[in-house]
Number of protein chains: 2
Amino acid sequence: MKTPPYLVIKNDLLARIQSGDLKEGDRVPSETQLVAQYNVSRMTAGRALIELMNEHVLIRTQGSGTFVAPPKFNSTLVEIRSIGDEIRERGHVHSSKVITLRHLTGEGWLTDEMSLNPKSTVLFSRILHFENEIPIQVEMRWVNPGLAPGYLEQDFTRITPSQYLMQVAPLQKVDYRIEASLPGVGVAHDLQIGNYEPCLLLHRRTWSQGRVASVVELWHPGARYQFSGQF
Amino acid sequence: MKTPPYLVIKNDLLARIQSGDLKEGDRVPSETQLVAQYNVSRMTAGRALIELMNEHVLIRTQGSGTFVAPPKFNSTLVEIRSIGDEIRERGHVHSSKVITLRHLTGEGWLTDEMSLNPKSTVLFSRILHFENEIPIQVEMRWVNPGLAPGYLEQDFTRITPSQYLMQVAPLQKVDYRIEASLPGVGVAHDLQIGNYEPCLLLHRRTWSQGRVASVVELWHPGARYQFSGQF
DNA sequence: GAGTGGTCTAGACCACAAT
DNA sequence: TTGTGGTCTAGACCACTCC
């Protein structure tokens, strides 16, 4: 059950990056340094760095060194990223308004989806996000109180629920569906669109520590929002 | 500019898999066999196999051997897969109807998107796909004639355009957008839905040999179709 | 027991970057 | 010139599977 050295090195480096000890662009110990530090051969140290490079965590340049890779590669599509970051990356201004933030009980479909006791309460938030003052997303989120007990105490105009949850419950698995759907009256009102304007709806569940951490519905006006990516 | 041996081995194996020489579940040459065949050390042969395993192309089992991995895990979302395969995997019946199949000229936006000479002609197809006799997708596709000259001669009720293109122009890069949008009258008619029913639209470009191979718009009735996945 | 993968070492040669 | 990454070899020990 011993962890092989190359994995120890990988995990150590990942931990240092996640903890913020090593930031984007920072220089990472060279193979030679790792050889001395971990008492391994150069092949072993190299393997750790090469694999992290293949996973887009590090960038290596011959003759120069190894560095922490830029942001988060938008590998695919439904990358878990904060809507705030996304908007700021487009050079626009993000703002948000908390519409609802409270407990819910007796939501059968939900406790079911979260594999919780049917009587347990769930934390709920409904937040409206703006891009340059224009409503761009209604975020309805149900959160497992066992994994994020402090959820209702957050100031979600300063940090997005997504960012907060990533901190307290590092995600482990995700599933999602994307649909085109008509908004309910509430959503249409929030987004300031007509009742018959199509919306792009992302439904997503995230797992942490083997349990469902949160269920979220993201509603976007079809006319103003799209998912995109490449691979 | 010499390709390193571990890459030669990787590419050879990938080619054999893509060509169908090695199929899902087939046993792949062992490290020892590769050592003899390519005249390399075991570390080098191993590296090729390990990297292909990390890329989910192969599966290795200690004591047993190395095998071609099951289909293609729906890594993310907008996997390039044939709608036919997708429907069959659900245990349903796929059928399709070719509505249009012809040349087009003078489509400025398109030659632009394909980086072609504005006057060159483009191959076009419009195909309606059914799942259990119910219309589920309108596929409008524009194809670069330089990369798939025989496109108009195919029988697209037997092979999907996607499958055909994968054969003649192995893809290299993809980008896509997903939108929620109202169908045009033609699309609404084909899908047998109302003019105000939201549609899920996937817009995708594929590259091959450094050029745009095809541009496609896939229209789906929002009520009957969704994208899904996990990671 | 024979074959296979999982991992490691100690040394080597090369290409490239920074100085 | 020095340090870094890119890659390779020849051998080794172990754990596992299959027969």
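Residue numbers start from 1 in every chain, and the chains themselves are labelled A, B, ... in the order their sequence lines are given, proteins ahead of strands. Side chains are part of it too, since the values below use all heavy atoms of this structure and drop only hydrogens, waters and symmetry mates.
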query = First and last nucleotide of DNA chain D touching chain A, 5' to 3', heavy-atom cut-off 4.0 Å?
reply = D:dG3 to D:dT9
request  = Please list all pairs passing the salt bridge (charged side-chain N to carboxylate O under 4.0 Å, His left out) test where one or both residues lie in residues 33-48 of chain A, with sequence neighbours left out.
outcome  = A:Glu31-A:Arg42, A:Arg47-A:Glu51
Contacts of type side-chain hydrogen bond (donor to acceptor under 3.5 Å, both in side chains), residue A:His129, not counting sequence neighbours = A:His94, A:Glu139
request  = Measure the shortest side-chain to side-chain distance between A:Pro5 and A:Asn39 over non-hydrogen atoms and say whether it is less than 4.5 angstrom.
outcome  = no
Partners meeting side-chain hydrogen bond (donor to acceptor under 3.5 Å, both in side chains) with A:Asp155 (sequence neighbours left out) = A:Thr157
inquiry  = Counting neighbours of CD on B:Glu153 that are heavy atoms of other residues, nucleotides or ligands and sit closer than 6.0 Å, is the number greater than 12?
reply    = yes
ask   = Considering only heavy atoms from C-beta outward, does the side chain of B:Pro161 approach that of B:Gln154 to under 4.5 Å?
value = no
note = Residues passing the side-chain hydrogen bond (donor to acceptor under 3.5 Å, both in side chains) test with A:Thr44, sequence neighbours excluded, are A:Ser41
ask   = Parallel, tilted or perpendicular: which describes the rings of A:Tyr151 and A:Tyr164, with under 30° parallel and over 60° perpendicular?
value = tilted
task = Report yes if a side-chain nitrogen or oxygen of B:Ser30 is closer than 4.0 Å to either non-bridging phosphate oxygen (OP1 or OP2) of C:dT4; otherwise report no.
result = yes
task = By nearest nucleotide on DNA chain C, pick out whichever of B:Ile50 and A:Gly63 is the more 5' one.
result = B:Ile50
task = Tell me which residues in residues 33-43 of chain A put a heavy atom below 4.0 Å from DNA chain C, sorted by number, or none.
result = A:Asn39, A:Val40, A:Ser41, A:Arg42, A:Met43
